[in-house]
Amino acid sequence: MTDPHATVFDDADIGPDAAPPAQVPSSRAQRIVFWIGSVGLLSAAAIDGIAVLGRHIGFTFLGSIELVQVAVVLIASSAMIGATIVGAHAAVHIVTERLSPRGVRVAQRVADALSALTFLLFAIGSVWVASDLWNGHERTDLLLLPLRWFRLLWIGATLIIMVLFARAAIKRTAA
Amino acid sequence: MTPELVGIVGILVLLAALAGGVPIGIALALVGMSGIAVLIGPEPAVIKAGVVAFETISKYELGVLPLFLLMAHICFAAGASRDFFSAAAAFLGHRRGGLALASIGGCAGFGAISGSSLATVATVTSVALPEMRRAGYDPGLATGALAAGGTLGSLVPPSGALIVFGIIAEQSIGKLFAAAIIPGVTQAIFYMATIAILCAINPALGPATIRMPWRERWPALRRIADILLLILFVIGGLMIGWFTPTEAASVGVAGALLLWMFRGGITRVAFADALRATLRTTGMIYVVIIGAILFATFISVSEITEHLAKLVTDAHATPTIAILVMALVLLLLGSFLDGLALMLLTTPIFLPIAEQLGMSPVWFGIFLVRTMEIGFVHPPLGLNVYVIQAMARDIPLGTIFRGIVPFLIADFIHLGLIIAFPIIVLWLPKVIA
Amino acid sequence: RPADQSNSPDDAPITLTYASPYPPTHPFSRADISWMKAVEAQSHGRIRIKPFWGGALLSSDQSMVEIRHGVADIGLITPIYTRGGVHLLRAQSGFYGGVRTIGDQVAIYDCLAQRFPQFDRELAGLHVLAVQGGNFPGVLTRTRAVRSLVDFKGLRLRAQTDANDVLRQLGANPVNMPMGEVYSALAKGIIDGVVAPADTIKSLHFSEVAKHFTPIRFSRGAYPARAMSDRAWRRLPPDLQRLMAASRRVWEAALNTELLKAEDAGTEFGRQNGMAFTPFPAADQAHFDALYTADAKTQAGRLASLGIDGTSVLAEAQRIIAAAGTSDPIRCAASKGPKP
Ligand code: NA
Ligand code: NA
């Protein structure tokens, strides 16, 4: 029994219809992103769930917080890519929707270009911080999970999002 | 250029970017980084962005947001919002404006699963709006009730906004949730009273439908029994201390999955849809949070905050006056800023002032969320309104905003009561602790 | 006293930003403010310090990285909570078993930092402007007082990570949980207690949810806690650099005073609100210190895997503590201020 209204969440989340910035990229890449995020979501839920259960039947799941933390990195990184692919970033359209079709395209292109620039700056900053810490053995307290790989994953995500926005800006120009 | 001037220019550029359709999180981040670059330097600006981004996406406490979202999406897939509305409609539909009353009930119910105002308004609207239109309801009343009712989602626990406030203000999220219950319930009652009064004045607004016999009411109620049980378990367990607020979300996900299994209808496709929808919203929220933190950093470096704080403290004849000034500023900013961004932006400015004036941070969090909610519906940029409009293209924006006016009046009276009688907020957390 | 240049008209004041994650009312911030006033006065207005409180400018986890890159000129740093790049600074704060006063903690830190170059390596790009000791954490418990080591058995305690092993050896059940959730977790009995200094009785309102406090000294060391970036340092003329270096003692003294004041205030607040303070037997404290030092050895040894010789640092710290008399304050052979 799939609810026919399931898609309203899309509308809810994006507010007034935001156009996807990118044409649907290779569906395999999309599936990988979806899998990483889903694994993050379900393992975060499972880890905290087991920690609660453990407390009530008498064992301590030490380090559960650290595991959830790295799961959240997976969730957030893939979620941001996913949100970019489907154009789910909340935006205000009260002014742009009154523009001519050509005006809308121009505004959208500028928005895409600025978004690409923003994620490029995120990438630069993240690379800079990560390179400072790269040889510093940054790791969690209890389980000693090495954080640099998670920083690397996040940097990859920022670059992918940047490319998605940049491609959209160029495509709209061509259209 | 003085720092304050840079700050003012930054705010104007932000508004222009938002008007030009730049995504909210992106606009906040880009203006924030540019402002830091101007006031401190380009290198600190990108370093700050790198630090803030990773800190935000690896924060344990923020991990509850996607998990509460997942719980809501699973409940939604299992039919929760439809069943909530049907149950309320079975009991109230035969009264004047009964379906509108039922929408408020549906919003309050679904709000107890969902952490967001937008998700609540969208889900309940998808079920309730077609029903109300079929029954000949005035479009203004129907959409007004839904837009206002949707805001219950961000006050009734779990509440995404309160989670974020708890993190910034370093307050117990459990305490904040407890504090939100009475204000949430009274807010729903206020909306219901508004509908009753409107329909008493003009019965044509919300014609009565056929009275359902009791033998049809009970099954409708039974259909939501399992969801009510889940809500009771998650919120109750949190209050009693079976789990911490951060763990409640995970327990909620497990409970929602059980509920879905029990109800039947889990398919791989439906489950993937719930996960996908959760990730989509999560991605949007994280970008807004990162952007808002960067923008807030810029604003505090610009020292605008100090001037604003001075404005508020200078106006202090009494704490009440200061609170009214803050409410005014919040409503003003709330008319063009997203709620979450607004909260991230104003908490660091206003909370110290509020504490200085002897107000409880918990009360202040509720006040902030309650005021912010009004921003979700008040013209010209109430996000809830745009959500409804996207789902009912033939209803003009003007009609929806006109329909909201009576609910806004109710909102202001309710907000006034919260300011005048802080006990509404503070009593329950005290009793529980 | 620096040469009197303050009257020269083209000598515009140098504004330095200072950032802290704490609100201005926090004891740390009160000490920060006394330091600022002292520096501004001593420089005859040639240095102006612009504070940013409440984490408005610096993050709490990566403040060292941020200061190095100029996000703030001076800032509060917390290497004991930083998860990368400062493994010795972090671990060495657990090497001070048996130390008696906050002043001694700071003195020992200076001796160690002077002797082992790894300290400087981890502080590259920064000038330390204050080293901070800490109040000794005790155990706050909800319903049951801790009267001896035996009472730890079965207690579910929230503690900082470095105490986990010792607590487990005593049969306790250490829990890690964000500090913000401790109050409600205590209120509801999710945990039985928390390892925290007495000032939290007042500052975090723990007296409302815990009835007992036992002042067991969980040994705490000192760590560099305020730092200035190299690039900001280079903006100062030599006389102001000297002034800044000398201000270190002012800052440390102010921190010491505020920490003790906060501890007293916490204890007093607890007494007024009906908390019971249970003394801890000296024999048990000695046994506890021994466990702690044994654990410190393990921690120090583990640093070897990161190419850091922690064992020598621990041995030196313990040698200094053992060599010091019971009454005299510890002095290092040639105590060194911040790098010139
Ligand atoms: Na809610
Ligand atoms: Na708004």
Side-chain angles (χ1 to χ4, degrees), chain A residues 1-3 5-6 8-13 15-17 34 37-38 41 44-45 48-49 51-52 56 65 68-73 75-84 86 88-96 107-108 110-111 114-115 117-118 121-122 124-126 128-129 150-151 154, chain B residues 18-26 29-30 33 46-47 49-51 53-54 57-60 62-63 66-67 70 73 76-77 79 118-119 121-123 126 243 247 250-251 253-254 265 267 269-270 273 275-284 286-288 338 380-381 383 386-387 390-391:
Chain A
M1 164 189 96
T2 311
D3 198 300
H5 294 294
V8 298
F9 270 109
D10 305 354
D11 297 328
D13 300 335
D17 48 331
F34 169 74
S38 300
L41 273 174
D48 255 355
V52 174
H56 289 279
I65 291 182
V68 172
Q69 273 177 325
V70 296
V72 176
V73 176
I75 297 171
S77 301
S78 58
M80 279 189 245
I81 299 175
T84 308
V86 298
H89 293 295
V92 174
H93 292 274
I94 189 166
V95 179
T96 46
Q108 194 67 53
V110 172
L114 291 177
S115 305
L117 173 66
T118 302
L121 293 172
F122 281 178
I124 295 173
S126 304
W128 211 337
V129 173
F150 294 94
R151 287 192 180 271
W154 160 243
Chain B
L18 289 177
V22 178
I24 295 170
I26 302 281
L30 197 56
M33 282 188 280
V46 284
I47 287 291
V51 168
F54 194 76
I57 66 161
S58 59
K59 208 177 200 76
Y60 171 72
L62 260 181
L67 292 175
L70 181 59
H73 281 290
F76 177 74
L118 295 180
V121 76
T123 45
S126 68
F243 28 79
E247 293 163 342
S250 298
V251 174
V253 167
T267 62
V269 176
D273 275 347
L275 286 166
R276 201 170 285 123
T278 303
L279 288 171
R280 199 155 42 223
T281 317
T282 302
M284 184 270 281
Y286 269 97
V287 176
V288 173
D338 168 76
L381 266 184
L383 277 179
Y386 288 91
V387 170
M391 296 168 73

Chemist: Looking at chain A, which one of B/Gly50, B/Ala53, B/Ser250 has the largest number of heavy-atom pairs inside 4.5 Å, strictly under?
Modeler: B/Ser250
Chemist: Rounded to the nearest 0.5 Å, how far does CD1 of B/Ile26 lie from CG of A/Leu114?
Modeler: 9.0 Å
Chemist: Could you check which of B/Ile57, B/Val46, B/Thr282, B/Val22 has the highest count of heavy-atom pairs closer than 4.5 Å to chain A?
Modeler: B/Ile57
Chemist: Can you tell me how far the CG atom of B/Leu67 sits from the CG atom of B/Leu62, to the nearest 0.5 Å?
Modeler: 11.0 Å
Chemist: Let me confirm one number: the NE2-OG1 distance from B/His73 to B/Thr281, rounded to the nearest 0.5 Å.
Modeler: 4.0 Å
Chemist: Using a 4.5 angstrom heavy-atom cutoff, name the option from B/Gly20, B/Gly25, B/Ala254 with the most pairs to chain A.
Modeler: B/Gly20
Chemist: Any idea which of B/Val253, B/Val51, B/Val287, B/Leu70 has the most non-hydrogen atom pairs under 4.5 angstrom with chain A?
Modeler: B/Val287
Chemist: Check the pair A/Val86, B/Arg276 against side-chain contact (heavy atoms from CB on, under 4.5 Å), reporting the backbone distance first and the verdict last.
Modeler: CA-CA 11 Å; A/Val86 298; B/Arg276 201 170 285 123; over 6 Å; no
Chemist: How far does CZ of B/Phe76 sit from CG of B/Asp273, to the nearest 0.5 angstrom?
Modeler: 10.5 Å
Chemist: Go through the atoms of B/Val251 and report whether side chain, backbone, both or neither lie under 4.5 Å from a heavy atom of chain A.
Modeler: side chain
Chemist: Against chain B, work out which of A/Ser126, A/Ala71, A/Ser115 has the most heavy-atom pairs shorter than 4.5 Å and name it.
Modeler: A/Ser115
Chemist: Tell me which of these, B/Ser58, B/Pro66, B/Ala49, has more heavy-atom pairs under 4.5 Å with chain A than the rest.
Modeler: B/Ser58
Chemist: Output, in order, the C-alpha distance, side-chain angles, deciding distance and verdict of side-chain contact (heavy atoms from CB on, under 4.5 Å) for A/His89 and A/Thr84.
Modeler: CA-CA 7 Å; A/His89 293 295; A/Thr84 308; 2.9 Å; yes
